[in-house]
Amino acid sequence: MKSYDHQKIEKKWQKEWAAKKTYKTLSAAAAKGKKPFYVLDMFPYPSGAGLHVGHPRGYIGSDVIARKKRMEGYNVLHPMGYDAFGLPAEQYAIANKIHPRKAVEVNVKTFEGQLGKIGFSYDWSRAVNTTDPEYYKWTQWIFLKIYNSWFDPAQNKARPIAELETIFEKQNPAWKGMSALEKQAVLMQYRLAYEGHSEVNWCPEMGTVLANDEIVDGPDGPVSERGGYPVEKRSMRQWFMRITAYGDRLIADLDGLAWPEHIKEIQRNWIGKSEGSEIDFAVHGSDAKITVFTTRADTLYGVTYVVLAPEHPLLDTLASEIKNLAEVKAYIKESRNKDEMVRTALDKPKTGVELRGISAINPINGEAVPVWIGDYVLPGYGTGAVMAVPAHDERDRQFAETYNLHTKNIPADISNKEKYTVEAGGRIVTKYKFRDAVFARQRYWGEPIPLSKDQEGLIHEVAEKKLPLELPNVKTYEPSGTGESPLASVAPWVKAGYETNTMPGWAGSSWYFLRYADPKNKKAFASEKELAYWFNEQHHGGVDVYVGGAEHATGHLLYSRFWHKVLYDYGFVPTKEPFQLLRNQGIILASDGRKMSKRWGNVINPDEIVATYGADTLRLYEMFMGPFDASLPWSTESIIGSRRFIERVWRLAEKVVNVTKGTISYEQALHKAIKKVSEDIEDFGFNTAVSAMMICLNEMEKSEHVAVSDFEKFLQLLAPFAPHVAEELWYELGGKKSIHVSGWPSYDADKLVSQEVTIVVQVNSKNRGEITVSRDTSEHEVKALALAEEKVVAQLAGQTPKKVIYVPGRLVNIVL
RNA sequence: GCCGGAAUGGCGGAAUGGUAUACGCGAUCGACUCAAAAUCGGUUGCCGAAAGGCUUGAGGGUUCGAGUCCCUCUUCCGGCACCA
């Protein structure tokens with residue numbers, strides 16, 4: 001037989017598979033009863049650097065599953081696409097002085113070239129690209145659906161904003177008298193996508209808004225990571241998504257998902273649900289009241305003061321009453337300029353200033369208590385005001401100690417919290433730690449938000465027919481320096497009143513898994529029929545297997561669930577959740593144990609490995625190197641083991657003959673391998689699946705003959721891991737159609753067990769010998785044989801055993 | 001600080017409470033070769049000449065039997081971090 005030329009073989013089959021559309025996914029109509037199976041990878045950001053050898057690990061794992069399912073007869077949806085909007089693409093474009101669109105084109109080509117060489121079974125005809133207007137048309141469409149929704153707490157779901165208008169019209173007498181602009185402002189408080197303001201990190205020197213991770217600590221406060229320019233807080237107009245409305249459902253529905261427990265836990269902590277009470281403290285001698293949030297209403301009798309966040313809006317109202325206003329203002333200014341890291345540092349002593357002249361009335365006993373401001377109270381959580389109980393809260397105790405405030409020791413019992421809430425005239429409420437998501441970027445390279453404002457300030461939607469609202473060409477896509485998006489300097493855009501902010505990077509990735517179901521659809525983001533087929537609660541429930549990095553736990557994986565739920569509320573998608581089963585792939589580290597990075601010069605390019613060892617070797621090695629979700633160091637030294645394995649398979653093919661039983665000795669190993677590989681793939685135990693194949697190969701090599709039919713089964717097991725070489729040998733042996741649609745082998749349970757078993761004999765739990773007996777030897781006989789074993793007799797030295805334990809087929813333990 | 005996860009040969013790792021170190025890498029000895037590579041075969045946890053003893057981060061416990069279950073602790077990785 002020819003020698004194993006991986007380059008020739010791999011090129012040949014990649015071409016052949018593409019030509020024959022071997023991995024084509026059938027549409028719902030064409031599937032004709034074939035069951036769907038959806039295996040999804042988190043689509044990549046096509047960066048200029050291309051892939052390193054760690055990137056394909058997850059893709060290989062999911063490809064192994066997709067291939068096995070396809071062989072089992074499922075209609076497999078296994079797509080790939082590109083998430084190409086967002087900051088890195090923009091920065092790459094700026095740095096390389098080319099238009100982001102061009103940069104994306106080039107980078108996508110690089111990725112496709114690299115991915116193509118590894119031999120994935122993607123149906124490339126379904127590829128999506130978030131920057132394609134035909135794609136982001138639907139991102140904009142979904143945005144408008146969300147914009148035109150409010151969350152009805154009674155039904156716990158999204159409903160059209162028009163319904164809310166009708167309700168206001170009927171129930172609120174003031175509504176009719178309101179101007180259009182006033183109505184707009186009211187509705188804005190309910191919309192699931194709404195306009196508002198938020199604090200951003202503004203760098204005057206660079207003229208841009210910076211993300212938190214683009215900022216580092218400087219000697220006099222925060223500075224930009226690049227250049228070290230000072231960064232300050234600045235309020236900026238933004239769009240938001242009211243994700244907090246779904247807090248409850250986002251937590252509750254986690255329970256039914258087959259996700260890694262720690263990812264679910266990260267989401268739960270991030271959402272941070274907490275049940276407590278809102279209690280109103282009247283301000284003495286004023287109409288104002290301070291509403292505090294507490295989870296321990298039962299400690300109301302222990303309240304000795306109240307603390308407001310320095311940002312609390314009530315401070316403006318009360319300004320005239322505050323006797324030490326200058327001091328208070330100085331404190332507010334100081335904490336405003338504090339870097340968030342400094343402010344929330346745990347070891348920092350708590351600071352604050354008393355609002356002299358102000359006191360609050362504890363509703364449970366009418367007691368007047370002093371009111372303070374302190375930056376340990378956060379404006380964004382609860383009500384931005386707390387009642388302080390130094391006797392029962394560590395932070396309050398510290399604060400009280402620092403400022404010599406009174407402590408009242410009272411008994412408290414958490415089971416009384418509802419009773420005391422009612423007594424104090426308060427309300428039971430649920431609060432969440434997480435915030436509404438900012439849905440705007442002051443950047444060029446993102447989806448335009450399909451809204452415009454007329455001269456009176458009334459917001460208009462871009463009509464559905466007019467979508468997509470395409471991103472205009474600009475002279476310069478670099479930051480404007482004013483903090484506004486580059487779109488603000490496009491005259492026709494501004495004249496039309498279009499929103500100049502663009503959508504954030506996570507917009508396009510929050511629904512792409514739906515588009516794969518029907519990527520060419522011009523009338524809808526996907527047809528009802530396709531969605532019903534691929535997202536079917538009866539069948540499974542959406543994406544059957546989702547593979548990607550754990551770093552998306554509080555970003556992409558949360559936003560996608562949120563969008564999906566809004567769409568579900570309208571009946572656009574049939575399942576409550578997008579991703580049934582999630583697995584995280586581990587990171588491949590460089591051989592020096594550090595992350596692969598240009599900076600360390602330790603990056604290994606998969607192209608080189610594919611050229612030297614072959615894609616099959618790369619795939620096999622990446623699966624074999626260790627547990628799928630573990631971070632493992634790359635070792636170009638060890639990869640040779642996988643290459644040798646493939647070469648041995650290749651050579652074994654020569655030995656294959658049509659043979660009668662008798663002359664083969666590997667049967668048990670083969671059936672064990674079929675069982676193990678079948679089960680391990682389902683369970684992401686790829687490393688042990690490969691090892692089972694190695695054991696089987698070792699046995700086949702030792703055997704006098706290898707039967708063709710058995711070797712074919714072995715190739716079928718190998719096919720998901722090393723698809724090219726398996727296909728080549730399959731045809732060499734006379735295969736008529738691709739091995740990748742040839743079926744999946746099954747094992748014979750009877751062949752898993754051998755007639756003879758080796759039983760270990762222990763004396764006081766220490767191994768002393770072993771006996772080989774026929775499988776059906778009785779317990780009595782085995783024990784007798786064990787007691788008669790030479791070394792055992794020596795150990796016994798005439799003593800009578802207290803107890804003899806027999807574990808069938810495994811061991812005998814003689815206890816003295 | 002809190003919440004997750006991990007710790008096993010020289011290295012990557014395997015092990016339903018039942019022979020710890022499978023499988024692979026490396027190392028080493030041998031065969032083949034003029035020689036080398038490749039390939040094939042043997043050996044390879046530690047101590048010991050052997051008999052035997054010891055060994056899964058440390059210490060305790062449950063059990064006839066623990067890498068696996070329970071308790072205490074150490075280190076490392078990931079997440080959150082004044083959340084009232």
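Letters A, B, ... are given to chains in the order of the sequence lines, protein chains preceding strands, and every chain is numbered from 1.
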- prompt: Are A:Phe645 and A:Phe624 close enough that their ring centers fall under 6.0 Å?
  reply: no
Rounded to whole Å, CG of A:Leu308 lies from P of B:rC82 at a distance of 19 Å
* For atom P, what is the distance between B:rG26 and B:rC70, given to the nearest Å? -> 39 Å
Phosphate OP1/OP2 of B:rC40 contacted by A:Arg644 side-chain N/O (<4.0 Å) = no
A:Glu423 meets the side-chain hydrogen bond (donor to acceptor under 3.5 Å, both in side chains) criterion, sequence neighbours left out, with none
TODO: For nucleotides B:rA14 and B:rU8, find the distance between their C1' atoms and express it as a whole number of Å.
DONE: 10 Å
Quick tally for nucleotides 8-19 of chain B: nucleotides whose base has a protein heavy atom under 4.0 Å get B, sugar-phosphate-only ones S, the rest -, giving ----BSS-B-BB
Backbone of A:Phe628 reached by a side-chain donor or acceptor of A:Asn687 within 3.5 Å: no
If I pick the P atom on B:rA37 and the same atom on B:rC32, what distance separates them, to the nearest angstrom?
15 Å
- Message: Under 4.0 Å, heavy atoms only, any strand: does A:Arg643 hit a base, just the sugar-phosphate, or nothing?
- Response: nothing
Practice problem: Could you tell me whether A:Asn698 contacts a base, only the sugar-phosphate backbone, or nothing, with contacts defined as non-hydrogen atoms closer than 4.0 Å? | Solution: sugar-phosphate
Residue pairs meeting salt bridge (charged side-chain N to carboxylate O under 4.0 Å, His left out), one or both in residues 616-636 of chain A, sequence neighbours left out, come to A:Asp63-A:Arg619
For B:rU68 and B:rG18, measure between their C1' atoms and round to the nearest Å. 11 Å
* Do A:Lys350 and B:rC82 share a donor-acceptor pair, side chain to base, under 3.5 Å? -> yes
Pairing partner of B:rC73, by Watson-Crick or G-U wobble and under 3.5 Å for both distances, is B:rG57
Interatomic distance, CD@A:Glu401 vs NZ@A:Lys350, rounded to 0.5 Å, equals 11.0 Å
Per nearest nucleotide of RNA chain B, the residue lying toward the 5' end, A:Ala692 or A:Lys766, is A:Ala692
CH2 of A:Trp634 to CD1 of A:Ile588, rounded to nearest 0.5 Å, is 6.0 Å
message: Looking at A:Gly641, is its backbone amide N or carbonyl O close enough to the side chain of A:Tyr621 to form a donor-acceptor pair, meaning the two atoms are under 3.5 Å apart?
response: no
| message | So A:Ile814, base contact, sugar-phosphate only, or nothing? Heavy-atom distance under 4.0 Å. | response | nothing
For B:rG57 and B:rC76, measure between their C1' atoms and round to the nearest Å. 11 Å
Here the distance between atom P of B:rA38 and atom CZ of A:Arg648, to the nearest Å, is 15 Å
### Task
Identify whether any heavy atom of A:Arg651 sits under 4.0 Å from a base atom; if not, whether one sits that close to sugar-phosphate; answer base, sugar-phosphate or nothing.
sugar-phosphate
Please determine, by modelled atom types, if A:Thr351 and A:Tyr331 share a side-chain donor-acceptor pair under 3.5 angstrom.
yes
Side-chain contact check for A:Glu647: nearest option of B:rC83, B:rG52, B:rU39 is B:rU39
If you look at every strand shown and take non-hydrogen atoms under 4.0 Å, does A:Ser274 touch a base, only sugar-phosphate, or nothing? sugar-phosphate
Of A:Val815 and A:Thr383, the one whose nearest nucleotide on RNA chain B sits closer to the 5' end is A:Val815
